[in-house]
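Just so we're on the same page: letters track the sequence lines, and every chain starts at 1.
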Amino acid sequence: AQSVTQLDSHVSVSEGTPVLLRCNYSSSYSPSLFWYVQHPNKGLQLLLKYTSAATLVKGINGFEAEFKKSETSFHLTKPSAHMSDAAEYFCVVRGTGANNLFFGTGTRLTVIP
Amino acid sequence: EAGVAQSPRYKIIEKRQSVAFWCNPISGHATLYWYQQILGQGPKLLIQFQNNGVVDDSQLPKDRFSAERLKGVDSTLKIQPAKLEDSAVYLCASSLYVAGDGGELFFGEGSRLTVL
């Protein structure tokens, strides 16, 4: 079975400082992994996805994530936080067979001015 | 390109009442999903359609929830009768690719249900 664990329910950073949102996955095969962002009262938006190509994946808005098989991790990073980055972030793994996604519990990012 | 449309955005009902949510996916997207997102949790799949057929409804509480996608385009999710624990945001998503090798899922803004 596939699952993801987001290690922090809430992360707070100052504007202009780096962002690190942590995610570990569990999968019996080479997984497809995603990060989605959800702004208040908005739909989920895809930030980036890993599908067994390059292990360092670049996404929108300056975010990137690195797939580390030895650590079963897929952490999301950004060099410099912006106020508009404040949102809920979900790490997601794709299940087998049907195109179903399994979501983590989310990390709320707060950016302090 | 128009996104996934959902309505209503907000609904407040009393327990044991019924409610229906509507979703119109992105034009041409064959796959449609309904997710339930309870406060403080990640979204959980309720049902997945491929055109007008059901691919996966294993997590749908069929004693009270039903969904249909007539004509393989828009979809309706119904809850009858509602329970307090059904309070959640109901997210609709659509995808261009067929099941098994899917691409990106595009989500609507959700329908927030409060059951009193």
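- Proximity to chain A at a heavy-atom threshold of 4.5 Å picks out nothing from residues 65-73 of chain B.
- Looking at B:Gln6, there are no atoms closer than 4.5 Å to chain A (heavy atoms on both sides), in backbone or side chain.
- No side-chain donor-acceptor contact under 3.5 Å links B:Gln37 to the backbone of B:Leu91.
- With rounding to the nearest 0.5 Å, the separation of CD1 in B:Ile12 from OG in B:Ser87 is 9.5 Å.
- A donor-acceptor contact shorter than 3.5 Å is absent between the side chain of B:Ser94 and the backbone of B:Leu32.
- By a heavy-atom distance cut of under 4.5 Å, A:Gly104, A:Thr105 are the residues of residues 104-113 of chain A near chain B, going up by number.
- A salt bridge links B:Glu109 with B:Arg9; the closest basic N to acidic carboxylate O contact falls under 4.0 Å.
- Here B:Asp86 contributes atom CG and B:Gln80 contributes atom CD; the two are 12.0 Å apart, rounded to the nearest 0.5 Å.
- For CD of B:Gln17, the number of neighbouring non-hydrogen atoms (other residues, nucleotides, ligands) closer than 6.0 Å is greater than 12.
- Interface residue A:Gln38: only side-chain heavy atoms are found under 4.5 Å from chain B.
- Annotation: the span from B:Ile13 atom CD1 to B:Ser18 atom OG amounts to 7.0 Å, rounded to 0.5 Å.
- More than 12 heavy atoms of other residues, nucleotides or ligands shown are found within 6.0 angstrom of CG on A:Leu56.
- Put simply, the side chain of B:Asp56 gets close to the backbone of B:Ser58: a donor and an acceptor are under 3.5 Å apart.
- Of the candidates A:Tyr50, A:Phe102, A:Phe67, A:Phe74, A:Tyr25 forms a ring-ring contact (aromatic ring centres under 6.0 Å, His included) with just one, namely A:Phe67.
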